[in-house]
Amino acid sequence: MSETTAAGAPAVPKARSCPFLPPDGLAGIREEAPVTRATFTSGQEAWLVTGYEQVRAVLRDPSFSVNVPHALHTQDGLVTQKPGRGSLLWQDAPEHTDDRRLLAKEFTVRRMQALRPNIQRIVDEHLDAIEAQGGPVDFVKAFANPVPSMVISDLFGVPVERREEFQDIAEAMMRVDQDVAATEAAGMRLGGLLYQLVQERKANPGDDLISALITTEDPGGVIDDMFLMNAAGTLLIAAHDTTACMIGLGTALLLDRPDQLALLREDPSLVGNAVEELLRYLTIGQFGSERVATQDVEFSGVRIAKGEQVVTHVLAADFDPAFVEDPERFDITRRPAPHLAFGFGAHQCIGQQLARIELQIVFGTLFKRFPTLRLAKPVEELRFRDDMVFYGVHELPVTW
Ligand code: HEM
């Protein structure tokens, strides 16, 4: 760790000398102490957990709550108003368990698999448009952003004319380089959009997920308008930016590693493996997940006191040599390992099945359709999203 702050604990490293690898210095911290004190962007000190086993241990331990008093990864440390029932990410057991069960019931593998033809159509249409436009194009604007937005909007029945507005809001909510008022303003706009959506689905149910939730069996009687808005809000936001970042950044990485891309081109059946390795290698939740201890916990040789905050650094964990051999080697032929890109434990990503399907279709189609696809700008000139909750590329000029 390089920098030491006035408070004493070293700052969490954020600068990357290779944009496709974790920040410099993180591996050293993990080797020295997989659970240690550190100073975060907010200026506050907290526990930093970087070891694979240690991250899993925290994320599966119900003594750690998601109800954190400070946002450690933002400059002002303020936590925006937390949504209630149905929002999952901001809930602890027992409500979280109950609400997640209600949502998971409708979020089945079957429903997700049924989306395949629609996702393929959305991907094909966007690639047609790129071809018609001619290179160079910004792949983030023309493809990585709109595709996941269309997929989730379809799943929820968001009307076509409001999709662009939704995409704007989703991005505004994910910025960390703005004050809390701007994030709250984006939240208000999202609330308005979701309220309208829920009212429309109640009046006019369809075969979308919101309609399914409205009519699902609900013995506890918890599914009201607020529940539906919270659930839809979390799902829409969580689904859009994450998948968009993986598409943009994953494409940049594959184009930067022609040997790996050649393997995928030669053997398209590698696409499932390639997606798992991309997820692990890029683990885009770059600041990790924040938790707070609800009781004193003895853990990995340290004592975490009730009320102390903990950051589980999933990116550092996914490069732990105790978990994966030669972690800095990007290798799409690796046997898929249980990486933490989708988190772990009670809050593990509910949309991972959908994300995998989308990414497999995207990377299985893109390089077949554009065999000569290449970056139109050197990697060193790309702007990476080191200021956002999810890591990625701000733009990706490509040509063919
Ligand atoms: C590549 C894409 C994705 C990545 C990398 C990703 C990553 C994650 C991670 C790391 C968590 C756990 C957060 C924590 O423990 O604090 C999570 C939770 C969640 N994700 Fe995803 N996600 C992706 C796609 C999606 C999609 C497509 C959806 C919905 C369709 C979705 C919905 C959710 C929800 C609702 C949660 C909260 C679950 C809970 O708290 O019980 N995600 N995701």
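Quick caveat, the model's predicted, so the values are computed rather than measured. Remember, it's 1-based here, ligands and their atoms both numbered in the order they're listed. All values below were derived from every heavy atom in this structure, side-chain atoms included, with hydrogens, water molecules and symmetry-related copies excluded.
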Show me which atoms of ligand 1 lie under 4.0 Å from any heavy atom of L89. 13 (C), 37 (C), 40 (O)
Hydrogens and angles aside, do T216 and D218 bring a side-chain donor and acceptor to less than 3.5 Å of each other? no
List the steps and the verdict of side-chain hydrogen bond (donor to acceptor under 3.5 Å, both in side chains) for R110 and Q113. CA-CA 5 Å; R110 196 169 44 84; Q113 288 294 354; over 6 Å; no
Contact partition for I152 relative to ligand 1, non-hydrogen atoms under 4.0 Å: side chain
Work out whether the distance between some heavy atom of A346 and some atom of ligand 1 is less than 4.0 Å. yes
Indicate whether any N or O donor in one side chain lies under 3.5 Å from an N or O acceptor in the other, for Q352 and R356. yes
Nearest heavy atom to atom 7 (C) of ligand 1: which of G345, G343, A244, A341 does it belong to? A341
Say whether R100, considering both its backbone and side-chain N or O atoms, lies within less than 3.5 Å of an N or O atom on ligand 1. yes
Hey, looking at atom 16 (O) of ligand 1, which of E290, R291, H347, H96 has the closest heavy atom? R291
Is the centre of the Y52 ring less than 6.0 Å from the centre of the F319 ring? no
Does any N or O of ligand 1 fall below 3.5 Å from an N or O anywhere on E358, backbone included? no
Would you kindly specify which portion of F107 sits under 4.0 Å from ligand 1, judged on non-hydrogen atoms: side chain, backbone, both or neither? side chain
Nearest to atom 22 (N) of ligand 1, what protein heavy atom do you find, and at what distance? C349 SG, 3.1 Å
